[in-house]
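Scroll down for the structure; my scribbles are underneath it.
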Number of protein chains: 2
Amino acid sequence: MIKVVVVEDNDTIRDGLKILIDGTEGYSCIGAYSKCEAMLKVLEKLQPDVLLMDIGLPGMNGIDGIKEAKAVLPDLNILVLTVYEENDLIFDALCAGACGYLVKKTPPSKLLEAIKEATQGGAPMSSHIARKVIDFFQHKNRSASKGANNNLTPREREILSGLVEGNSFKAIADSLFISIETVRFHFRNIYKKLHVHSQSEAVAKAIKEGLI
Amino acid sequence: MIKVVVVEDNDTIRDGLKILIDGTEGYSCIGAYSKCEAMLKVLEKLQPDVLLMDIGLPGMNGIDGIKEAKAVLPDLNILVLTVYEENDLIFDALCAGACGYLVKKTPPSKLLEAIKEATQGGAPMSSHIARKVIDFFQHKNRSASKGANNNLTPREREILSGLVEGNSFKAIADSLFISIETVRFHFRNIYKKLHVHSQSEAVAKAIKEGLI
DNA sequence: CCCCCCTCTACCTATTTAGGTAGTATTAAT
DNA sequence: ATTAATACTACCTAAATAGGTAGAGGGGGG
């Protein structure tokens with residue numbers, strides 16, 4: 001029996017979810033609240049398997065609710081159920097501890113399946129949400145490979161990497177079997193291209209913009 | 001009709017996939033190769049909707065194959081189909097441009113569904129893979145908020161931040177209304193605590209470990 | 001009350017970096 | 001064949017940084 005707790009401010013939806021869950025073999029809705037605060041008070045007693053949460057709530061917002069819930073029960077599976085598809089909310093929710101993210105138009109059968117999946121170590125996501133999540137990885141890379149590293153030559157990137165690893169000019173020179181003067185030469189060009197005037201600035205920019 | 005190209009070195013599996021895809025209404029396997037190189041040569045002509053790729057291939061590895069394929073057809077939906085569940089491979093594949101990641105034990109019906117999902121802007125993933133992906137976000141946060149920033153005093157973090165912003169010791173001193181000697185004093189302590197010996201190393205460590 | 005930690009300042013020396021000028025060699029493109 | 005871009009080396013000066021030593025003042029806890 002999968003024990004589910006629901007937090008959803010819309011009475012109609014909340015009641016609908018409770019009826020759906022309780023009405024399905026193997027599922028039980030052991031709590032349904034309109035606010036995070038109310039849920040958090042009894043969370044430890046309830047010990048649910050899955051927490052189904054709305055994000056756009058009055059009072060404490062859903063993201064903070066997730067964090068607090070995770071603080072009480074670190075292994076709780078939290079599913080976000082929402083109308084929002086904004087990237088920030090998705091990532092905030094995932095970072096806060098959600099293990100899945102469903103849009104509200106998800107059909108009941110899929111919702112029940114998602115709840116079960118969550119208890120089995122899965123991460124149910126609506127397909128468009130999943131795409132946004134994986135896009136994150138590609139964007140991370142895109143900015144790294146095209147973004148701003150463009151004007152740096154391969155050799156310059158190599159040398160800059162050495163600095164990011166924490167090596168001195170001399171160490172970089174030795175590892176590349178070139179003169180320290182050559183390293184200095186490259187850094188002059190790197191600094192010009194990145195518009196910086198010190199090692200630390202260059203390292204910070206290199207890491208932040210994913211140049212390396 | 002969804003046009004699929006398969007790359008898989010195991011003849012049995014490859015033939016099985018081709019038969020499955022061709023044998024299903026609405027799907028067509030317009031190419032099946034045992035190596036990335038062969039697929040890449042004809043990719044532009046084939047113009048498939050989905051590329052189903054193995055990762056552990058002889059010759060060019062799957063990750064590079066994904067990158068090259070994306071270079072030819074940037075909007076191609078690439079699904080990884082593999083036995084590997086190592087984190088690095090998953091993330092490398094996603095960064096390279098895969099839009100989904102399926103383990104080989106995925107049943108045929110799920111596989112076909114995943115192919116369709118990919119063409120509709122989804123990101124089909126086996127449930128355990130999805131969990132690993134979302135775990136990434138949570139770990140990212142955990143190490144950033146708790147990780148190692150502990151042993152630095154508030155003042156030291158403040159000063160280190162200045163360095164990460166790209167400021168010189170003097171600039172940091174001025175902005176905090178303290179002497180440059182004080183800044184140097186703090187950096188000596190910061191370096192000891194972080195076990196580094198230069199600005200760049202400190203900045204790199206600070207950013208990577210999320211100290212700032 | 002005393003000790004420890006944090007914060008602040010100073011001086012010394014050796015090393016490293018920043019920025020400028022100047023020149024050679026190789027390769028790819030015009 | 002000339003140009004542009006890249007990679008390499010050298011020498012110069014001024015500035016910044018690393019590491020050591022030394023000491024003052026404040027606040028919290030034993």
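FYI, side chains are in, hydrogens and waters are out, and symmetry mates aren't considered; it's all heavy atoms of this structure. Letters go in sequence order (proteins before strands), and every chain restarts at 1.
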Base of D/dC11 paired with side chain of A/Glu181 (donor-acceptor, under 3.5 Å): yes
Whole-Å gap separating C1' (D/dG20) and CG (B/Asn189): 13 Å
Under 3.5 Å donor-acceptor, A/Lys70 side chain and A/Leu76 backbone: yes
Sugar-phosphate only, base, or nothing, as touched by B/Arg188 at under 4.0 Å among non-hydrogen atoms: base
Under-4.0 Å salt bridge between B/Asp11 and B/Arg14: yes
Given D/dT9, C/dC6, D/dA18, the nucleotide with the shortest approach to the side chain of A/Phe185: D/dT9
Between D/dT9 (P) and A/Phe177 (CZ): distance, integer Å: 12 Å
Interatomic distance where CD1 belongs to A/Ile172 and C1' belongs to D/dC8 [whole Å]: 16 Å
Distance in angstrom units between A/Gln199 CD and D/dA16 P, rounded: 14 Å
Upstream residue (5' side of DNA chain D) when A/Ile180 and A/Lys193 are each assigned their closest nucleotide: A/Lys193
A/Lys170 atom NZ, neighbour heavy-atom count above 12 within 6.0 Å: no
Short N-O contact, B/Lys116 and B/Glu113, less than 4.0 angstrom: no
Proximity to the side chain of A/Tyr191 - top-ranked nucleotide from D/dT9, D/dA18, C/dA18: C/dA18
Nucleotide-resolved protein contact map, nucleotides 24-30 of chain C, B/S/- at heavy-atom distance under 4.0 Å: -------
Short side-chain N/O contact from B/Ser179 to OP1 or OP2 of C/dA10, under 4.0 Å: yes
Within 6.0 angstrom of A/Lys104 NZ, more than 12 heavy atoms from elsewhere: yes
Residue-phosphate contact under 4.0 Å: A/Ser168 side-chain N/O, C/dT15 OP1/OP2: no
Sugar-phosphate, base or nothing in reach of B/Thr182, heavy atoms under 4.0 Å: base
Close side-chain approach of B/Arg131 to A/Asn77, heavy-atom, < 4.5 Å: yes
Any A/Thr153 side-chain N or O less than 4.0 Å from OP1/OP2 of D/dA7: yes
Sugar-phosphate, base or nothing in reach of A/Phe187, heavy atoms under 4.0 Å: nothing
Partner of B/Ile2 by side-chain contact (heavy atoms from CB on, under 4.5 Å), out of B/Ile30, B/Ile21, B/Thr24, B/Asp49: B/Asp49
